[in-house]
Amino acid sequence: NAGVTQTPKFQVLKTGQSMTLQCAQDMNHNSMYWYRQDPGMGLRLIYYSASEGTTDKGEVPNGYNVSRLNKREFSLRLESAAPSQTSVYFCASSGTFRQPQHFGDGTRLSIL
Amino acid sequence: AQKITQTQPGMFVQEKEAVTLDCTYDTSDQSYGLFWYKQPSSGEMIFLIYQGSYDEQNATEGRYSLNFQKARKSANLVISASQLGDSAMYFCAMRDESGGSNYKLTFGKGTLLTVNP
């Protein structure tokens, strides 16, 4: 039972570098989400995809882009990393009404 | 807009005792869902319990129960018979369930629970 798989688990970048965080789910869920978690802030939604082919901004989208590659995969891209994007990033997916979101194990990203 | 407030940054409880973690919410949605997640020090997010706004009974899942008071807009998590493994960060979250296919969650800032032996 893989559930939601995120890669990589850890990454260190220099300011200005770009990278893509990968997320895949095997639960046949329609909706997928990217959150960031900062100390004392809880989880904040960056972008989400309600269904294959659609994406929408969440609470903190600036500096990020996303791609819903297919029903299984939802990637998050940092085009020009900034120290303020140092955080733990979680991908999640959910099915339909009343079903909880299932989370990946997170990616710990440090930007120097 | 939805808002979740968890007023207890940290809580301590003795092993085998019960503990209540507070959560209040604000929303204009007619139908909504309330969730609790556990985040141990290893970092993963673990779903604990769900309460729908139109559910007539409080949700229970093993040692977890949700004390849902709709008029007071509160959804407190009660953990009975605390165990050392319950030491973790706990997040309350909610989402609109009025319709459509967007089920994004709004999270509170969390409560760090420490269970003492």
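First the proteins, then the strands, lettered A, B, ... as listed; each starts at 1. Hydrogens, waters and symmetry mates are skipped; everything else that's a heavy atom, side chains included, is used.
One finds the NZ atom of B/K104 at 11.5 Å from the OG atom of A/S31 (value rounded to the nearest 0.5 Å). Note: A/S94 OG to B/F35 CZ = 8.0 Å, rounded to the nearest 0.5 Å. A distance of 9.0 Å separates CZ in A/R44 from NZ in B/K109, rounded to the nearest 0.5 Å. A distance of 10.5 Å separates CD of A/Q99 from OH of B/Y50, quoted to the nearest 0.5 Å. Within the model, atoms CD of A/Q101 and CZ of B/F47 stand 11.0 Å from one another, a figure rounded to the nearest 0.5 Å.
Side-chain heavy atoms closer than 4.5 Å link hydrophobic residues (I, L, V, M, F, W, Y) into clusters, and following such links, even through other members, never connects B/M89 to B/V19. There is a path of hydrophobic side-chain contacts, each under 4.5 Å, that joins B/Y32 to B/W36. By the criterion of side-chain heavy atoms lying less than 4.5 angstrom apart, applied directly or through intervening Ile, Leu, Val, Met, Phe, Trp or Tyr residues, B/Y64 is not grouped with B/V78; the two fall into different hydrophobic clusters. Under the 4.5 Å side-chain heavy-atom criterion for grouping Ile, Leu, Val, Met, Phe, Trp and Tyr, B/L21 is connected to B/I49 within one hydrophobic cluster. Connection of A/Y48 to A/V88 is established within a shared hydrophobic cluster, with ILVMFWY side chains joined at heavy-atom distances below 4.5 Å, either directly or through further cluster members.
Within the 4.5 angstrom heavy-atom criterion, no atom of B/Q6 approaches chain A. Residue A/Q37 touches chain B through its side chain alone, counting heavy-atom pairs closer than 4.5 Å.
Annotation: B/Q57, atom CD; neighbour count of heavy atoms from other residues, nucleotides and ligands within 6.0 Å does not exceed 12. Crowding of B/K70 atom NZ: a count of heavy atoms from other residues, nucleotides or ligands under 6.0 Å exceeding 12.
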Ring pair (Phe, Tyr, Trp, His ring centres under 6.0 Å) between A/F103 and B/Y37, worked out: CA-CA 10 Å; A/F103 286 80; B/Y37 283 85; 5.3 Å; yes
Full working for side chain to side chain contact (heavy atoms under 4.5 Å, CB included) between B/E44 and A/F90: CA-CA 9 Å; B/E44 70 269 31; A/F90 286 97; 5.8 Å; no
Verdict with reasoning, B/M45 to A/L43, per side chain to side chain contact (heavy atoms under 4.5 Å, CB included): CA-CA 11 Å; B/M45 295 289 288; A/L43 277 75; 4.0 Å; yes
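Distance alone, capped at 3.5 Å, places no donor-acceptor pair between the A/Y33 side chain and the B/L105 backbone.
Ring-centre distance between B/F107 and A/Y35: below the 6.0 Å cut-off.
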